[in-house]
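So that the names make sense, note that chain A is the first sequence line, chain B the second, and so on, each numbered from 1.
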Amino acid sequence: LAKTTQPISMDSYEGQEVNITCSHNNIATNDYITWYQQFPSQGPRFIIQGYKTKVTNEVASLFIPADRKSSTLSLPRVSLSDTAVYYCLVGIDKLIFGTGTRLQVFP
Amino acid sequence: NAGVTQTPKFQVLKTGQSMTLQCAQDMNHNSMYWYRQDPGMGLRLIYYSASEGTTDKGEVPNGYNVSRLNKREFSLRLESAAPSQTSVYFCASSADGTANYGYTFGSGTRLTVV
């Protein structure tokens, strides 16, 4: 299973764009890249998933370069409610969670 | 509301006691998973069931057993609880056993072993 590396924490202010980059050098050909969000005392919530290039939904964008060895989750114009832990996962089943990136948004 | 339901939400056990954590999903998903999350840590996979009738070990299976009772239900059993099993337990399901469409998680069971 591909291991992922992402920053432990990030700080931002309301209204800014936040980009969280995840490194996954050993990604396999069939692996998807999936990002989850977790609030305290809740289970993780699916945000976005991609295989290559760019994926966008109503919540976020996911940028994946051609070599797929990294990916960047982009959150446009964050608000206080985006304060959470964000996990980058790589694989097609038995998803393994790392420690995630703790995003703190300030007013 | 459709989703993953876990019971109980909270439980306190004495060392050596046994208990079963229940999980049910109503989305007709094939695959189900049990994770544990210790304070300040990410989730670790305990066991999973790729489809009805199959189960397999994850990262940290020791001290646990599972039963895929039917397509909807996947239970996690602690035969002899230990303080090291104090954690929050999350059940999840996915449609086709792959990462496609993502996992849906329950709200968790907070277990304390004293």
Side-chain angles (χ1 to χ4, degrees), chain A residues 1-9 20 22 24 27-52 55 57-60 62 64 68 71 73 83-104, chain B residues 1-7 9-10 21 23 25 27 29-51 54-61 66 87-111:
Chain A
L1 293 171
K3 178 179 169 59
T4 61
T5 302
Q6 51 183 123
I8 293 174
S9 64
I20 306 174
C22 179
H24 30 78
I27 189 168
T29 302
N30 293 335
D31 286 345
Y32 280 76
I33 300 159
T34 312
W35 285 79
Y36 286 83
Q37 175 191 56
Q38 186 180 28
F39 298 113
S41 302
Q42 294 186 26
R45 183 176 74 103
F46 173 88
I47 301 176
I48 197 166
Q49 183 181 81
Y51 184 80
K52 61 181 179 181
V55 179
N57 61 24
E58 65 278 7
V59 176
L62 177 60
I64 306 169
R68 303 198 332 120
S71 59
L73 174 72
T83 292
V85 178
Y86 293 82
Y87 296 96
C88 162
L89 294 94
V90 171
I92 58 173
D93 63 2
K94 300 180 294 181
L95 295 184
I96 303 298
F97 285 74
T99 53
T101 297
R102 191 170 300 273
L103 173 65
Q104 179 69 53
Chain B
N1 291 336
V4 177
T5 303
Q6 293 184 236
T7 55
K9 293 189 184 302
F10 301 94
L21 282 65
C23 175
Q25 52 89 10
M27 298 170 285
H29 284 174
N30 288 313
S31 300
M32 299 184 73
Y33 311 83
W34 276 105
Y35 288 87
R36 61 175 287 176
Q37 185 172 35
D38 300 330
M41 305 291 288
L43 286 78
R44 290 184 292 171
L45 181 64
I46 305 171
Y47 270 95
Y48 67 100
S49 170
S51 61
T54 68
T55 62
D56 213 339
K57 297 178 180 179
E59 302 173 86
V60 289
V66 290
S87 190
V88 180
Y89 291 85
F90 289 102
C91 177
S93 69
S94 69
D96 60 359
T98 74
N100 293 339
Y101 313 115
Y103 287 15
T104 301
F105 282 83
S107 58
T109 294
R110 190 174 298 274
L111 175 67

Minimal non-hydrogen separation, A:Tyr87 against B:Gln37, with atom names: OH-NE2, 3.1 Å
CZ on A:Phe97 to CZ on B:Phe90, rounded to 0.5 Å: 9.5 Å
Contacts of type side-chain hydrogen bond (donor to acceptor under 3.5 Å, both in side chains), residue A:Arg102, not counting sequence neighbours: none
side-chain contact (heavy atoms from CB on, under 4.5 Å) against A:Gln42, all qualifying residues, sequence neighbours excluded: A:Phe39
A:Tyr36 side chain vs B:Tyr103 backbone, donor-acceptor pair below 3.5 Å: yes
Atom CE of B:Met27: over 12 foreign heavy atoms under 6.0 Å: yes
Which portion of B:Leu43 sits near chain A, non-hydrogen atoms under 4.5 angstrom: both
Contact class of B:Arg110 relative to chain A, heavy atoms under 4.5 angstrom: side chain
Largest heavy-atom contact set with chain B, pairs under 4.5 Å, which of A:Gly98, A:Pro44, A:Ser41: A:Pro44
